[in-house]
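Below is one structure, written out as structure tokens; the observations come after it.
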Amino acid sequence: MPALAAYACDPDASLGRRYPEPAPVSRNAFQRDRDRIIHCSAFRLLEYKTQVFLNHEGDLFRTRLTHSIEVAQIARTLARNLGVHEDLIEAIALAHDLGHTPFGHAGQDELNACMRELVPEAGGFEHNLQSLRVVDELEERYASFNGLNLCFETREGILKHCSLRHARLLGDVGERFVNRTQASLEAQLANLADEIAYNNHDIDDGLRSGLITVDQLQQLEIFAVHFAQVRRRYPRAEQKRLVAEVIRAMINTLVLDLTEQTRERLRTHAPDSVDALRACPPMAAFSEPIRAQADALKKFLLDNLYRHYQVLRMMSKARRIVRDLFTEFLENPHLLASEYRRDDPTQQARAIADYIAGMTDRYAIREHEALFRMGV
Ligand code: MG
């Protein structure tokens, strides 16, 4: 690995784990975190959780698992270019969606709505917080503690956003939301790698599904510029290959721009330690013109893909499934094979949310069928 910059996280200077453990022998602390994430149950479940398209709609569409791997790939490139820790950024990227519900954002929004309406005192459902909960509490792989006992730096990166109410309850990883400081550069870059990955693969999946077209995408500057370049270079290539070339070129443009802009901010603020960097304004950023183009792309995807009536139809079914399951478990606590205090509505709601959030798309569909199918 190339030399680390002064503002990089150093595994030997980690702020530590919640339960002290001896240092690993043949790996650094962040490698160990990455390895623990890859071996955990929630990571394997990502294979059957929706990104935009339901898992069974087609074998070529992204799932949360392939999405997380693409984020890790982009994040590692950024880390290497900017002298921050590749193993840490990979751990953050691979873990960032562990708390995602079945059925993508629809499932998450509905679970949040159920929590807020039916058990307002439980404080809603936030998928970022849930990812942290998976690695801090829900994984059951160690004899002497709950969760994976990851380093502070990995946990800090997983918790991208958080409400102030929850931040105050979280201790060390919540502090930055209260103090208004930033996360490490590894965490900041992993967050933007996520955005680069989903904007581009959603174009790819959207085109494959036929819900959006190349003609529509031509209204976007970032797509049109790259498409024109690629078509000039390969005038006879079939559309499938042109699209792959365009997406590759767009990812490259975004990664290079992010690297350059971040480098410039680092030059200006010159943080000489990770703590100095945490006290600076955000260091990871796109240039203004590219930020504007990326925002236009996001808006396009929202208007034309995520809100396409075929996607919305599928999502309204998904919402129905999540709400039915939540209500049923709330009314019939004996259906849930989980230990919690049934006289405490907050604990009960949290146990139900944990259970539903842990479901894959197909498991949620099957569970719904099993509970609501008429007859025996
Ligand atoms: Mg993501």
Side-chain angles (χ1 to χ4, degrees), residues 33-34 37-38 40 42-55 61-79 86 88-112 125-135 138 150 154-162 173 183-206 247 250-251 254-255 258 282 284-286 291 294-295 297-302 305-306 311 315 318 357-361:
D33 282 7
R34 191 261 329 269
I37 290 159
I38 286 177
C40 81
F43 186 70
R44 289 193 297 282
L45 294 176
L46 294 175
E47 184 174 3
Y48 298 103
K49 291 194 181 195
T50 290
Q51 186 65 30
V52 174
F53 297 91
L54 287 193
N55 193 279
F61 294 128
R62 268 69 173 187
T63 67
R64 290 261 161 218
L65 180 64
T66 60
H67 162 68
S68 300
I69 294 170
E70 289 182 28
V71 175
Q73 177 271 315
I74 292 168
R76 284 188 64 124
T77 301
L78 292 166
E86 282 183 57
L88 173 60
I89 208 167
E90 188 179 12
I92 295 169
L94 293 176
H96 84 284
D97 273 350
L98 288 179
H100 251 288
T101 60
F103 312 125
H105 285 276
Q108 171 201 310
D109 293 348
E110 195 61 25
L111 195 50
N112 186 31
F125 179 88
E126 299 173 24
H127 83 269
N128 262 277
L129 194 56
Q130 191 70 10
S131 295
L132 186 68
R133 213 170 135 66
V134 167
V135 300
L138 299 179
L150 304 179
T154 310
R155 299 170 58 235
E156 167 193 51
I158 292 171
L159 192 66
K160 271 191 291 195
H161 320 281
C162 177
V173 276
S184 70
L185 190 56
E186 287 86 345
Q188 294 181 34
L189 291 168
N191 190 8
L192 291 171
D194 184 22
E195 184 182 330
I196 296 175
Y198 67 67
N199 276 335
N200 284 285
H201 65 49
D202 288 352
I203 290 181
D204 192 27
D205 283 354
I247 288 172
M250 286 199 299
I251 293 175
L254 291 165
V255 166
L258 174 54
F286 295 109
R291 178 75 269 171
D295 286 346
L297 172 55
K298 269 176 139 166
K299 185 170 182 315
F300 173 90
L301 288 170
L302 185 66
L305 183 61
Y306 313 144
V311 173
M315 289 304 165
M359 291 179 182
T360 60
D361 301 351

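Remember, it's 1-based here, ligands and their atoms both numbered in the order they're listed. Note that the coordinates shown come from a computational prediction; the quantities given were computed from them, not determined experimentally.
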With sequence neighbours left out, write down each residue that passes salt bridge (charged side-chain N to carboxylate O under 4.0 Å, His left out) with E126, or none if nothing qualifies.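 Expected list: none.
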Does A285 have any side chain to side chain contact (heavy atoms under 4.5 Å, CB included) partners at least two apart in sequence or in another chain, and if so, which?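 A285: side chain to side chain contact (heavy atoms under 4.5 Å, CB included) contacts with Q261, R265.
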Testing the 3.5 Å rule here: is there a donor-acceptor pair between the side chains of D194 and H67?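 Present: a donor and an acceptor within the cut-off.
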Distance below 2.8 Å from the Mg ion (ligand 1): protein N/O/S atoms: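 The answer is H67 NE2, H96 NE2, D97 OD2, D194 OD1.
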Specify whether H100 and H105 have parallel, tilted or perpendicular ring planes, treating 30° as the upper limit for parallel and 60° as the lower limit for perpendicular.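 Correct class here is perpendicular.
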Give every residue pair that meets the salt bridge (Lys or Arg N to Asp or Glu O under 4.0 Å) criterion with at least one member in residues 91-108, sequence neighbours excluded.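 Listed by first then second residue: R64-D97.
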Nearest 0.5 angstrom please: I89 CD1 to L78 CG, how far?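 If I round to the nearest 0.5 Å, the distance is 6.0 Å.
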